[in-house]
Amino acid sequence: MSETAALAELAKRRGFFFASNEAYGGTAGFYTYGPEGAALKRNIEDAWRDLFVRELGNMELEAPTVMPEAVFEASGHLEGFDDMILECAECGATHRADHLVEDAVPDIEDAEALGTERVAELVAEHGIGCPSCGAALAEEPVEEFNLMFGTNIGPGSGAPGYLRPETAQGIFVEFPRLKEYARNTLPFGVAQIGRAYRNEISPRRALVRVREFTQAELEHFIDPERDRPPIEAVEDVEVPLYSASAQTGDGDGGVERHTVGAALEAGPLESEWVAYYLGRSVEFYERIGIDMDRFRYRQHLAGERAHYAADCWDAEAEIGGNWIEVTGFAYRSDYDLSKHGEHSGEPFTVFRQYDEPRTVERAVVDPDMSYLGPEFGEAAGEVADALEALAGRDRSAFEGDSVTVELDGETHAVPVETTGFAVEEQTEAGEHITPHVIEPSFGVGRLVYSVLIHAHGTDTVDDEERSFLELPAAMAPTTVAVVPLMTKDGLDERAEGIAARLRADGFEVAYDDTGNIGRRYRRQDEVGTPYCVTVDYETLEDDTVTIRERDSTEQKRVSADDLSAVIRRLVSGDALSEL
RNA sequence: GCGCCGUUGGUCCAGUGGUAGGACAUUGGCUUCCCAAGCCAAUAGCCCGGGUUCGAUUCCCGGACGGCGCACCA
C-alpha cells in the first residue's frame, strides 16, 4: 500500500480525518477532523501561534468568514478568481476561454479583462478550435466560473457577499483600526488562524486540495524604506533552497542548502524580509514534526508569481512522491493596502515622521472671491481652483500684473492682486506612506497531512510488525497513556488514580485496560502517544511505575510521585535514557 | 469540469442474477506478571436513484464519492 493510502486508512480508522457527510454520500472537498486529528491540528496551530504571534511579538485577530462584495472588488478576487470556461460540445472538454484567445491572437495578453461576450466573439472571429478534438468552438457560450462561494447578506438578494477565499483580507480591511491600535507605528504584524473557502473545480488528494480549509497567516506591515528584519537572528539557519534557476535548468537542478545569510549575499534569496521568515519558519516545521529531508523552499518562477509579488517562495513537503505547497512566503508590496485605500476612500496609510521636520517653500493663493464672483459668475469657483493649481506648478505665472487661466478652452485674465498669491514657508513633519506587506501564509490542513505522512512508519518489535506515528511529544493528541498490567489485584484502581493525577497536572491522558498489554502499547503507538505509564505489581510495593517510550519501546522505572515532573522533562526534549 | 478505473461489515479484501464470506479491528468472557499471543462468544456490510428481470449487491442508464491522467490551482 502506498504511504498515502496507508495513512488514509489509518486516518479513517483511528479518527484523524475522514470525508464529511458520508451518511449522505459524501461531499467532495470537505473533510472532518476526528478526535485525534482535531487535537493534532490544534497542537500545530498552538505551536504556530506560540512562534509567530507570541515569540515574534505580533498580534492576533479573528475576522468574519463572510465579507461583502466590495472587499473582493478591491482585492481583485472578484475578477481574478473568475475563470472563463468554455465547453466543447463535441468532446465535452472544458477550456479556459481567455487562454485560448490569448494563444490564438498575438496582440491580446489579458483576454479576461475583455469580458465574456467579447471573448466569445474573438473565439468565433479567429475560428478557434477545441485543443482536445479540434471541433469548432464558435457556437459555444463562454461562461463564468467563480472560485468564491457566494451568499447573500441579510434577507433577499440585496447585498451579495462571499466566503473569504483567504484569511488575509480580513486583516487588510481592518488596517485603519489596527494601525491605531499599533499607535500609528510601523512595523507591526497581525496574524490570524481561520477558515477560508474556495469552490475548487476538482478537489483531490485528501487534505491537499479541499474546498474549506484552515489558514494561518501573518501580515507583517513594514515601512519599506526604513524597516529591516532582525536578520542576524536567522542568518546561520540552514535552509534547503530550490531556486528558480535550478528549476529552469540554469543551475544544477537540485535543492541546495545554504545559510540564510549566505543565500542573501550570493543569491538566490532576494528580499531580506522573505529570507527572515524562511529562516524563522524552519524552527516551526521542525517543532511540528515535518521531516526536513522531505522538505524544500521553492522559488516561484517569473511567470508564476502574482503581479504584485516581488519575491515569492513556497515551502513544500514531499508526500507520496509529490511536492505539495504547505506555505507561501510572499512580498506583497503595498498592493493590498493601496487597493483598499483606492476603493474605500479610507486612509490605508501610516504617517511617517521625517527625522527632522522639513521646511518647504510653497506657493499658495487666497483668491478674493468678492472680486472673482461678480467678474466670472458661476465659473468663479473653477477659476479659483485653477489659480491654486497653477500656483502649485508655475509660480512665475504670477509675476506680472495679471495671470491667465484656461477653463474649457476659454482664457480668463485675473489681476494678480486679487489672487492673494504668496510664497510661504511651511513646516512638514512627515508624510503618509502605504506600508508594504510580507505574508507568510500556512495551510494548516496540509501541514497536518504532511506531519502525519512523515511521522507514519512501521518497524518490527518482537517479530511483530508495528505501525506508529513518530510525532513530536508536544504535538501528539495524547501525551501519556496509563495502562495497568492486569485488571485485577487493585492494579486498575491504582492506574486510574495515577491517570487522574496526571490529568489534574494538565496532561492529555488516555487510560486503557482492555486486552493484553502489548495490544495497548500498539494502539498508542499508532496514534502517536509518546509515553505509556505502566502500573504493575511493583507499583503496589514501592510506588514506582514504568515509563515506556514509543520510539525505542524502552522502559524506565520512576517514582509515581515524580511522574508529572519527569514527563514534563521528556516532553520538553530530554531523553528517557538520560533520566 | 472531461476521460479511464473503481465503490461489499469500522478497516482491508474475496465473491455471486436466487440478498454474502474471510482477515484484521471492536465488545464481552476465560487465560496471561510488559509489547497486536491463545480459546469461546457477540456486534456489524453489498454507495444512491431508475431500468431490465419472477427475482439485481451482481447486468444497463444516471447520480454521488474516490484513485489516476488532462484541465484548473488569482
Side-chain angles (χ1 to χ4, degrees), chain A residues 1-2 4-6 8-15 18-30 34 72 75-88 90-96 99-100 112 130-133 143 145-148 165-166 168 198-206 208-210 304-309 314 320 322 324-325 328 330 335 459-468 483-489 491 514-526 532-540 545-546 548-550 552-555 557:
Chain A
M1 199 171 0
S2 70
T4 49
E9 187 269 327
L10 171 64
K12 267 189 280 194
R13 192 164 42 77
R14 298 305 308 268
F18 39 81
S20 301
N21 311 311
E22 281 197 303
Y24 291 94
T27 313
F30 294 90
F72 301 111
S75 71
H77 286 97
L78 213 51
E79 197 188 325
F81 251 42
D82 215 18
D83 286 341
M84 291 185 179
I85 303 280
L86 192 155
E87 184 174 345
C88 173
E90 203 62 41
C91 70
T94 48
H95 305 281
R96 284 283 298 269
H99 289 182
L100 295 180
E112 194 157 30
C130 172
S132 305
C133 71
E143 284 170 357
F145 178 78
N146 197 310
L147 255 18
M148 286 194 293
E166 60 175 10
R198 293 180 195 179
N199 200 1
E200 296 285 355
I201 295 172
S202 165
R204 286 283 166 89
R205 288 187 189 139
V208 175
R209 194 193 292 185
V210 287
E304 186 180 0
R305 42 174 95 148
H307 52 287
Y308 51 76
D314 285 345
N322 296 304
I324 63 159
E325 176 191 348
Y335 178 83
D459 62 4
T460 304
V461 174
D462 293 344
D463 294 330
E464 292 279 352
E465 186 169 278
R466 176 175 78 132
S467 161
F468 59 89
V483 294
L485 189 60
M486 294 284 150
T487 52
K488 60 183 184 187
D489 303 325
L491 288 180
T514 58
N516 69 52
I517 190 90
R519 176 181 299 255
R520 285 175 270 159
Y521 288 150
R522 301 303 168 82
R523 271 185 197 141
Q524 296 303 325
D525 290 342
E526 195 171 40
C532 289
V533 166
T534 309
V535 172
D536 55 22
Y537 286 94
E538 219 174 311
T539 310
L540 302 181
V545 294
T546 64
R548 172 201 181 259
E549 193 174 55
R550 175 195 64 208
S552 64
T553 75
E554 278 167 17
Q555 286 180 291
R557 185 163 286 280

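Residue numbering restarts at 1 for every chain, and letters A, B, ... go by the order of the sequence lines.
- Residue A:Arg522 is classed as a base contact, given a heavy-atom separation below 4.0 Å to a base.
- A:Ser467 meets the side chain to side chain donor-acceptor pair (under 3.5 Å) test with A:His456; sequence neighbours excluded.
- Relative to the side chain of A:Glu9, the nucleotides B:U11, B:C35, B:C33 differ in distance, and B:U11 lies closest.
- For RNA chain B, the stems formed by at least three consecutive Watson-Crick or G-U pairs, with both atom-pair distances below 3.5 Å, span B:1-7 with B:64-70, B:10-13 with B:21-24, B:26-30 with B:38-42, B:47-51 with B:59-63.
- Positionally, the nearest nucleotide of RNA chain B for A:Thr534 lies more toward the 5' end than for the other of A:Thr534 and A:Phe30.
- The side chain to side chain donor-acceptor pair (under 3.5 Å) check on A:Arg548 picks up A:Asp525, with sequence neighbours excluded.
- A:Thr546 comes within 4.0 angstrom of a nucleotide base, judged by non-hydrogen atoms across all strands.
- Dashed line: the shortest gap from a side-chain N or O of A:Asn516 to OP1 or OP2 of B:U32 is not under 4.0 Å.
- Residues meeting the salt bridge (charged side-chain N to carboxylate O under 4.0 Å, His left out) test with A:Glu538, sequence neighbours left out: A:Arg557.
- Checked against side chain to side chain donor-acceptor pair (under 3.5 Å), A:Arg13 has the following partners two or more places apart in sequence or in another chain: A:Glu9, A:Glu526.
- Counting any heavy atom pair closer than 4.0 Å across all strands shown, A:Ile517 reaches sugar-phosphate atoms only and no base atom.
- With sequence neighbours left out, A:Asp459 forms a salt bridge (charged side-chain N to carboxylate O under 4.0 Å, His left out) with A:Arg466.
- Taking atom P on both B:G38 and B:A23, the two are 12 Å apart, rounded to the nearest angstrom.
- Atom C1' of nucleotide B:C33 and atom OH of A:Tyr521 are separated by 11 Å, given to the nearest angstrom.
- A distance of about 39 Å separates the P atoms of B:U27 and B:G69, rounded to the whole Å.
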Could you pull out the protein-nucleic contacts involving nucleotides 61-65 of chain B (nitrogen or oxygen on both sides, under 3.5 Å)?
from: B:A64; atom 1: O2'; to: A:Gly25; atom 2: O; distance (Å): 3.1
from: B:C65; atom 1: OP1; to: A:Ala28; atom 2: N; distance (Å): 3.2
from: B:C65; atom 1: O4'; to: A:Gly25; atom 2: O; distance (Å): 3.2

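- B:C13 and B:U8 have their C1' atoms separated by 9 Å, given to the nearest Å.
- Considering only heavy atoms from C-beta on, A:Arg209 stays 4.5 Å or farther from A:Arg198 through its side chain.
- The CZ-C1' distance, from A:Phe72 to B:A74, rounds to 13 Å in whole Å.
- When the P atom is compared between B:U31 and B:G66, the two are found 48 Å apart, to the nearest whole Å.
- Under the side-chain contact (heavy atoms from CB on, under 4.5 Å) criterion, A:Ala206 pairs with A:Phe17, A:Tyr31, A:Tyr449, sequence neighbours left out.
- With sequence neighbours left out, the side-chain contact (heavy atoms from CB on, under 4.5 Å) criterion links A:Ser2 to A:Thr4, A:Ala5.
- Separating the P atom of B:G3 from that of B:C61 is a span of 13 Å, rounded to the nearest Å.
- Between the CZ atom of A:Phe18 and the P atom of B:C12 there is a distance of 14 Å, rounded to whole Å.
- Straight-line distance from the CG atom of A:Asn199 to the C1' atom of B:C72: 13 Å, rounded to whole Å.
- Map A:Leu485 and A:Arg209 each onto its nearest nucleotide of RNA chain B; the residue landing nearer the 5' end is A:Leu485.
- Side-chain N/O atoms of A:Arg523 include one lying less than 4.0 angstrom from OP1 or OP2 on B:U26.
- Proximity of A:Lys12 to the phosphate of B:C12: a side-chain N or O atom is located under 4.0 Å from OP1 or OP2.
- Across the protein-nucleic acid pair, A:Arg198 atom CZ and B:C73 atom P stand 12 Å apart, rounded to whole Å.
- Heavy atoms of A:Glu325 sit nowhere under 4.0 angstrom from any nucleic acid atom.
- Evaluation of atom-type donor-acceptor distances gives no pair under 3.5 Å for the side chain of A:Arg466 against the base of B:C35.
- Inter-residue side-chain proximity for A:Thr514 and A:Thr487 is flagged as unmet; no heavy-atom pair is nearer than 4.5 Å.
- Nucleotides B:G9 and B:C24 are separated by 12 Å at their C1' atoms, to the nearest Å.
- The side chain of A:Met486 has B:U32 as its nearest neighbour among B:C35, B:U32, B:C73.
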Please tabulate, one pair per line, each protein N/O and nucleotide N/O from nucleotides 67-69 of chain B that are separated by under 3.5 Å, including the distance.
from: B:G67; atom 1: OP1; to: A:Arg205; atom 2: N; distance (Å): 3.3
from: B:C68; atom 1: N4; to: A:Arg204; atom 2: NH2; distance (Å): 3.0
from: B:G69; atom 1: O6; to: A:Arg204; atom 2: NH2; distance (Å): 2.7

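- The two atoms that bring A:Phe72 and A:Pro165 nearest to each other are CE2-CD, 3.4 Å, heavy atoms only.
- Atom name P, nucleotides B:G67 and B:C12: the rounded distance is 13 Å, in whole Å.
- Between the CD atom of A:Gln555 and the C1' atom of B:C33 there is a distance of 12 Å, rounded to whole Å.
- When all heavy atoms of A:Val535 and A:Val545 are compared, the closest pair comes out as CG2-CG1, 4.1 Å.
- Legend: residues meeting side chain to side chain donor-acceptor pair (under 3.5 Å) with A:Asn516, ordered by chain and number and at least two apart, are absent.
- In terms of phosphate contacts, A:Arg519 brings a side-chain nitrogen or oxygen within less than 4.0 Å of OP1 or OP2 of B:U26.
- Considering only residues two or more places apart in sequence or on other chains, A:Met486 meets the side-chain contact (heavy atoms from CB on, under 4.5 Å) condition with A:Lys488, A:Leu491, A:Tyr537.
- One atom, CG of A:Asp536, and another, C1' of B:C34, lie 8 Å apart when rounded to the nearest Å.
- Comparing B:U11 with B:C35, their P atoms sit 31 Å apart, to the nearest whole Å.
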For a side-chain contact (heavy atoms from CB on, under 4.5 Å) check, start with the C-alpha distance between A:Val483 and A:Arg523, then their side-chain angles and the critical distance, and finish with the verdict. CA-CA 11 Å; A:Val483 294; A:Arg523 271 185 197 141; over 6 Å; no
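- Per the geometry, CG belonging to A:Leu10 stands 14 Å off C1' belonging to B:C24, to the nearest Å.
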